[in-house]
2 protein chains.
Amino acid sequence: MPRQVDHVGRRRLIAEAVCHLADERGLEGVTLRDVAARAQVSMGAVQRCFRTKEEMLVFALGHISERIMERVQARLVRSPAQSAGTALGHAATEISLLRMEHRAEARVWLAFVAQAAVSKVLARTLKANYATLQEALTRLISEAGEGSDHTPPLDPQREARALLALADGLTTHVLIGHLTPQEAHNVLHAHLAGLWE
Amino acid sequence: MPRQVDHVGRRRLIAEAVCHLADERGLEGVTLRDVAARAQVSMGAVQRCFRTKEEMLVFALGHISERIMERVQARLVRSPAQSAGTALGHAATEISLLRMEHRAEARVWLAFVAQAAVSKVLARTLKANYATLQEALTRLISEAGEGSDHTPPLDPQREARALLALADGLTTHVLIGHLTPQEAHNVLHAHLAGLWE
DNA sequence: TCGGTTCCGATGCAAGCGCATCGGTACGGG
DNA sequence: CCCGTACCGATGCGCTTGCATCGGAACCGA
């Protein structure tokens with residue numbers, strides 16, 4: 001068994017390159033040659049890892065979805081001591097990718113979302129991710145609702161959908177410069193505060 | 001002064017073609033040749049109307065922005081008899097482009113938003129539109145707040161930002177199939193109902 | 001040492017892109 | 001009537017794209 005390379009690692013490396021390029025020039029500025037150059041591998045290597053460009057993009061989308069999801073998860077387990085309401089705030093903040101250091105991820109995410117509107121296979125991946133996030137938010141809202149003294153007739157699933165859509169919308173508006181990150185943060189937390197009265 | 005053609009009309013015609021193509025295949029599937037074919041004019045005519053492809057895209061974005069804005073405006077003046085709160089609901093519904101017949105506009109809008117994240121000139125056009133919409137929503141929220149018996153400590157501008165972001169996020173989620181239009185509609189109106197307690 | 005297997009990087013290819021060019025066409029003033 | 005001008009459609013060019021190909025390098029077991 002001769003030379004073996006770390007295919008999984010290489011795929012991740014290439015996915016990172018795709019994200020960097022999509023951040024800089026948009027998804028349509030991503031070409032096989034540029035990806036290869038950015039990842040410091042040859043074009044042949046890229047084509048060996050992914051049979052087609054679309055396969056590469058789908059993998060890249062899965063890659064960054066995974067990263068974002070992991071960060072949300074990590075944020076949740078890092079702050080278990082406080083209330084479910086606080087945890088919800090942290091999760092929402094992470095999801096909206098408001099921190100400057102995640103601006104790149106946000107841009108890539110937006111590029112993929114736009115592409116998903118016309119690409120069935122990308123849409124499937126995205127839908128799965130949104131479903132997972134919505135489920136997690138629904139659970140958090142339910143828990144926070146139980147802990148609260150106030151018991152308003154909240155529909156946790158509906159509130160989760162609203163929160164997810166709000167977070168996405170705010171991210172978008174920050175990206176195109178309509179809102180500052182600070183303004184978006186304020187809007188988000190005012191909304192959360194409104195949930196418990 | 002020989003033969004004169006209606007340049008403005010032709011530009012609009014081409015813009016419509018751009019929108020149709022962007023709806024079907026995404027913004028990066030829009031090529032000069034296809035636009036010309038769809039608009040039933042020659043490529044030369046397209047190039048005469050717009051010096052460059054980017055100029056054409058910017059004009060197309062302005063065109064659909066105008067249409068959406070007009071529809072919101074029309075919806076507002078069509079229902080003056082009811083309360084400001086109702087008007088707000090109508091405006092928000094229009095903005096989120098939830099009706100199936102406006103799905104195409106929504107997709108085009110999303111494509112432009114994604115592109116604007118990396119294109120400065122597109123971003124400027126978009127920002128101007130969002131600013132106008134936000135202003136209108138702020139005014140409506142203020143009026144509705146005055147008319148209400150309840151006077152909660154609402155920040156009209158912040159609520160307008162939230163509403164705009166929520167509408168955009170919902171539109172996006174409907175487009176990629178995460179939510180049905182009905183679900184999005186429910187979320188939107190639940191949010192609006194929550195504003196007046 | 002060496003044979004065999006696995007991989008990869010350079011190159012080729014057809015198609016499609018945006019853009020520039022130009023001869024023909026149709027119109028309107030004199 | 002007819003000429004000059006404003007317009008347009010077809011065509012060409014240079015370039016880039018995604019994808020296919022293949023000779024040789026790299027590596028491990030014997």
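Protein chains get the first letters and strands the later ones, always in sequence-line order, with residue 1 at the start of each. Both backbone and side-chain heavy atoms feed into the values below; hydrogens, waters and symmetry mates do not. This one's a predicted model, so the numbers in the text were calculated from it and none came from an experiment.
Take B:Ile176 and apply the side-chain contact (heavy atoms from CB on, under 4.5 Å) test, not counting sequence neighbours, and it matches A:Val113, A:Ala116, A:Leu126, A:Tyr130, B:His178.
Checking C:dC8, C:dC17, D:dG18 against the side-chain heavy atoms of A:Thr31 singles out D:dG18 as nearest. Of the candidate nucleotides C:dC19, D:dT17, D:dC7, D:dT17 has the atom lying nearest to any side-chain atom of A:Asp34. Listed nucleotides C:dG18, D:dC19, C:dC7 differ in distance to A:His7; the shortest reach to its side chain belongs to C:dC7. Each of C:dC19, D:dT17, C:dC7 was ranked by its minimum atom distance to the side chain of B:Leu32; first place goes to C:dC19.
Following rounding to the nearest Å, A:Ile14 (CD1) and D:dG18 (P) show an atom-to-atom distance of 14 Å. Taking atom CD on B:Glu28 and atom C1' on D:dT16, their separation rounds to 15 Å, with Å as the unit. Computed from coordinates, the B:Arg11 CZ to D:dC8 P distance equals 13 Å when rounded to whole Å. The distance between atom CE of B:Met56 and atom P of C:dG18, rounded to the nearest whole Å, is 8 Å. The distance between atom CG of B:Leu21 and atom P of C:dG18, rounded to the nearest whole Å, is 11 Å.
Non-hydrogen atoms lying under 4.0 Å from DNA chain C are contributed by A:Ser42, A:Gly44, A:Ala45, all within residues 37-47 of chain A.
Heavy-atom minimum distance, A:Lys127 versus B:Gly177: CE-O, 3.5 Å. A:Cys49 and A:Arg11 get closest at one heavy-atom pair: O-NH1, 2.7 Å.
For the pair B:Lys53 and B:Arg48, nearest-nucleotide mapping onto DNA chain C gives the more 5' position to B:Lys53.
Within the 4.5 Å cutoff, side-chain heavy atoms of A:Trp109 are placed close to those of A:Ser65. Side chains of A:Val18 and A:Leu61 form no contact here, defined as non-hydrogen atoms less than 4.5 Å apart. In this structure, A:Arg78 and A:His90 have side chains that are not in contact, with every pair of non-hydrogen atoms separated by 4.5 Å or more.
Residue B:Arg10 has a polar side-chain atom (N or O) positioned under 4.0 Å from OP1 or OP2 of D:dC8. In this model, the phosphate group of C:dC19 is not approached by any side-chain N or O of B:Arg33 to a distance below 4.0 Å at OP1 or OP2.
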Name the atoms and distances for all side-chain donor-acceptor pairs under 3.5 Å in residues 94-101 of chain B, with sequence neighbours left out.
residue, atom, partner, partner atom, Å
B:Glu94, OE1, B:Arg71, NE, 3.1
B:Glu94, OE2, B:Arg75, NE, 3.1
B:Glu94, OE2, B:Arg99, NH2, 3.2
B:Ser96, OG, B:Ala92, O, 2.7
B:Ser96, OG, B:Thr93, O, 3.3
B:Arg99, NE, B:Glu101, OE2, 3.2

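Backbone-only contact: B:Val30 has heavy atoms under 4.0 Å from sugar-phosphate atoms and none from a base.
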